[in-house]
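The basis for the numbers below is simple: all heavy atoms, side chains too, and nothing from hydrogens, waters or symmetry mates.
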Amino acid sequence: MNISDLDNGVGPGAGTGKGAAGGIDENVTAELARLRDSIDNIDAAVVHMLAERFKCTQQVGHLKARHQLPPADPGREASQIARLRQLAENAKLDPAFAEKLLNFIIAEVIRHHETIAAGEE
């Protein structure tokens, strides 16, 4: 075996991202860094999108409080869950995961709306 075999997926450690000496191949390290940078950027975008979403839901909470509307809207929540499940399926994302995430967000929104309605905000 020669050094070029390590780069071609031949020899000890082939397919594991490790060279003969057991160290991580530079190409694997570089690809991990590239992918992790992408994940970090996506995570930042998700946080910013959630912040924007909560700014809107805070406005909804104040509107509901001014007009004595209930903090929760089960009909709207059910339609949002159905819509999000469909979006998840189309995006090849587990719909059950998407539903759990939306339920978590909805619960937090309702909590904020209850706080607003109680005049605590």
Side-chain angles (χ1 to χ4, degrees):
M1 181 174 68
N2 61 42
I3 194 71
S4 65
D5 290 338
L6 294 176
D7 294 332
N8 295 325
V10 177
T16 65
K18 294 184 178 183
I24 298 177
D25 182 280
E26 285 179 21
N27 294 325
V28 172
T29 302
E31 183 67 2
L32 277 172
R34 185 189 68 76
L35 291 169
R36 288 174 174 162
D37 284 346
S38 291
I39 290 167
D40 292 349
N41 289 336
I42 293 166
D43 287 346
V46 168
V47 167
H48 287 283
M49 293 297 292
L50 283 171
E52 286 302 310
R53 188 186 196 287
F54 276 97
K55 286 177 189 174
C56 291
T57 60
Q58 289 291 91
Q59 292 175 17
V60 168
H62 287 287
L63 185 63
K64 285 180 170 184
R66 277 194 306 274
H67 296 280
Q68 293 82 43
L69 297 170
D73 183 345
R76 164 82 173 154
E77 293 156 21
S79 68
Q80 283 295 91
I81 288 168
R83 187 178 73 81
L84 197 71
R85 285 185 67 90
Q86 186 60 55
L87 287 170
E89 285 181 30
N90 293 344
K92 307 291 188 240
L93 179 68
D94 179 8
F97 169 77
E99 183 173 347
K100 286 177 191 176
L101 178 61
L102 187 59
N103 280 327
F104 179 78
I105 292 169
I106 288 170
E108 187 66 12
V109 168
I110 291 169
R111 189 182 67 76
H112 288 181
H113 289 184
E114 289 170 344
T115 300
I116 291 167
E120 297 170 17
E121 186 175 299

(message) Less than 3.5 Å apart, any donor N or O on the side chain of Asn27 or Glu31 sitting next to an acceptor on the other?
(response) no
(message) Assigning hydrophobic clusters by single linkage (Ile, Leu, Val, Met, Phe, Trp, Tyr; side-chain heavy-atom cutoff under 4.5 Å), is Leu87 placed with Ile81?
(response) yes
(message) Could you measure the distance from the CD atom of Glu77 to the CD1 atom of Ile106? Nearest 0.5 Å is fine.
(response) 5.0 Å
(message) Check this for me: does any side-chain nitrogen of one of Glu52 and Lys55 sit under 4.0 Å from a carboxylate oxygen of the other?
(response) yes
(request) Report whether Leu101 and Ile42 are members of the same hydrophobic cluster (ILVMFWY, side-chain heavy atoms less than 4.5 Å apart, transitive linking). (result) yes
(message) Using a 3.5 Å distance criterion without hydrogens, assess whether the side chain of His113 forms a donor-acceptor pair with backbone atoms of Gln58.
(response) no
(message) Distance check, rounded to the nearest 0.5 Å: Ser79 atom OG versus Leu84 atom CG?
(response) 11.0 Å
(request) Calculate, to the nearest 0.5 Å, the distance between atoms CD and CG belonging to Gln86 and Asn90 respectively. (result) 4.5 Å
(request) Just do the side-chain contact (heavy atoms from CB on, under 4.5 Å) check on Leu50 and Ile105 with the steps written out, would you? (result) CA-CA 9 Å; Leu50 283 171; Ile105 292 169; 3.7 Å; yes
(message) Once rounded to the nearest 0.5 Å, what's the spacing between atom CZ of Arg83 and atom CG of Leu102?
(response) 8.5 Å
(request) Tell me, with the steps shown, if Glu108 and Thr57 meet side-chain contact (heavy atoms from CB on, under 4.5 Å). (result) CA-CA 10 Å; Glu108 187 66 12; Thr57 60; over 6 Å; no
(request) Look only at the side chain of Lys64 and the backbone of Pro71, and say whether a donor-acceptor pair between them is shorter than 3.5 Å. (result) yes
(request) Might you work through the side-chain contact (heavy atoms from CB on, under 4.5 Å) test for Val109 and Arg53, ending with a clear yes or no? (result) CA-CA 10 Å; Val109 168; Arg53 188 186 196 287; 3.8 Å; yes
(request) Any chance you could measure Thr29, atom OG1, to Arg34, atom CZ, to the nearest 0.5 Å? (result) 13.5 Å
(message) With clusters defined by side-chain heavy atoms of hydrophobic residues (ILVMFWY) lying less than 4.5 Å apart, directly or transitively, does Ile110 cluster with Val60?
(response) no
(message) Which heavy atom of Ala88 sits nearest to which heavy atom of Pro95, and what is that distance?
(response) CB-CA, 3.9 Å
(message) Keeping Gln80 on the side-chain end and Arg76 on the backbone end, is there a donor-acceptor pair under 3.5 Å?
(response) no
